[in-house]
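Lettering of chains follows the sequences in order, A, B, ..., and the numbering in each one begins at 1.
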Number of protein chains: 2
Amino acid sequence: MKVSTKARYGFKFMIHLALNYNIKLVQIREVSVSEKISSKYLEQIAMSFKIAGLVKVTRGAKGGYTLSRTPKEITLLEIITAAEGNLVLTDCIESSDFCQKKDDCIMNKLWVDLNNHITDYLGSKTLQDIIS
Amino acid sequence: MKVSTKARYGFKFMIHLALNYNIKLVQIREVSVSEKISSKYLEQIAMSFKIAGLVKVTRGAKGGYTLSRTPKEITLLEIITAAEGNLVLTDCIESSDFCQKKDDCIMNKLWVDLNNHITDYLGSKTLQDIIS
DNA sequence: ATTATACTCTACTTAAACAATAGGAATTGT
DNA sequence: ACAATTCCTATTGTTTAAGTAGAGTATAAT
């Protein structure tokens, strides 16, 4: 049970975007240097945010990224999900045939509850909460 | 962010012990067969519960395991911690020199809060809750 | 005592996931 | 044209999880 570097780096990237929201476009290089993260790696992470629709991109010289919504409208759950896929503590949470006993598996409810706990928590916090 | 098989198998093992608490000793083989888990692997997991003081062991023929306390007195946090070590979502939670900026790292508080959220939840549930 | 049973200890192997690197293509401002 | 910047995708390296293996130790039953 660890948070991946993709999610951690991704948060740092999104925080930069939030701090510069409505001010300027943010470039990969800039975040890469200030956070000491490989720019090539960060590119991939930024890409997943783009795919998730969390950022808007301007290509070419003087291009860069900006949030596609206000910091208040972007939850931490959306960020972590974009970075590392759906939050699924155990496969039995979403795959119905993972555990033969699923319907009467005594543990299933616990995992589902815990998973909901975590997603509710992350879903209730926004980028705005983090930067202020 | 996944729960390891050690923890998942470990829970199943502990549930068997809870269901047989004050009834009989439970053997690795028995759980291994009924849950379709490698007995050698389960041995290792059972060992970590022993080290954590969660189970009592009787060696030799007719030996086996039983809980060292009542199911109500064993939290799920203790079980998962015994199985996969301390729950630490990010290294910056416990290692003070992991992030140079730790004191003013904007994310640290979030990880600590989320970690506490999860440990509080698991700490508030007991084996008894699961089996009843 | 001997034997069968069950836990103990430790080393090794395999497989999967994570993390990072690499390089060229496409786009845009000057 | 050229430099800056994102886009795409393939590959490599590293770490951890997962599982296997086997010899050793303790105990109950006979």
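Using cut-offs of 30° and 60° on the angle between ring planes, the pair B:H117 and A:Y121 is tilted.
The listed nucleotides are D:dT27, C:dC9, D:dC7; the one nearest the side chain of B:K40 is C:dC9. With distances taken from any side-chain atom of B:Y65 to the nucleotides C:dT8, D:dA18, D:dT5, the minimum falls on C:dT8. Here the side chain of A:K50 is nearest to one of D:dT5, D:dC8, C:dC9, namely D:dC8. Looking at the side chain of A:A61, the nearest of the listed nucleotides C:dC9, D:dC7, D:dA4 is D:dA4. Picking from D:dT6, C:dC7, D:dA18 the nucleotide with the shortest atom distance to the side chain of B:E43 gives C:dC7.
Distance, B:I28 CD1 to C:dT8 P: 8 Å, rounded to whole Å. For the pair A:L42 CG and D:dT5 P, the computed distance is 14 Å after rounding to whole Å. As rounded to whole Å, 14 Å separates atom C1' of D:dA17 from atom NZ of A:K2. The CD-P distance, from A:Q27 to D:dA4, rounds to 11 Å in whole Å. Protein atom CZ of A:R8 is 11 Å distant from nucleotide atom C1' of C:dA19, rounded to whole Å. Rounded to an integer number of Å, the gap from A:R29 CZ to D:dA3 C1' is 12 Å. One interatomic measurement links the two molecules: CG of A:L25 to P of C:dG29, which rounds to 11 Å at whole-angstrom precision. In this structure, A:F49 places its CZ atom 18 Å from C1' of D:dC8, rounding to the nearest Å.
Around atom NZ of B:K62, no more than 12 heavy atoms belonging to other residues, nucleotides or ligands sit under 6.0 Å away.
Of the side-chain N and O atoms in A:S38, one or more sit less than 4.0 angstrom from OP1 or OP2 of C:dT21. OP1 and OP2 of C:dC18 both lie 4.0 Å or more from every side-chain N or O belonging to A:Y41.
Two residues, A:V26 and B:S4, neighbour DNA chain D, and the one matched to the more 5' nucleotide by heavy-atom proximity is A:V26. Toward the 5′ end of DNA chain C lies the nearest nucleotide of A:T5, the other residue of the pair A:T58 and A:T5 mapping further downstream.
For a distance-only test at 3.5 Å, the side chain of B:K36 fails to qualify as a donor-acceptor partner of the base of D:dG19. Residue side chain B:R59 does not reach the base of C:dA6 through any donor-acceptor N/O pair under 3.5 Å, judged by distance alone. Judged by distance alone with a 3.5 Å cut-off, a donor-acceptor contact links the side chain of A:Q44 to the base of C:dT21.
Aromatic pair A:Y65/A:F13: centroids less than 6.0 angstrom apart.
A side-chain N or O of A:Y41 and one of A:T5 form a donor-acceptor pair less than 3.5 Å apart.
Between the side chain of B:N20 and the backbone N or O of B:H16 there is at least one donor-acceptor pair closer than 3.5 Å.
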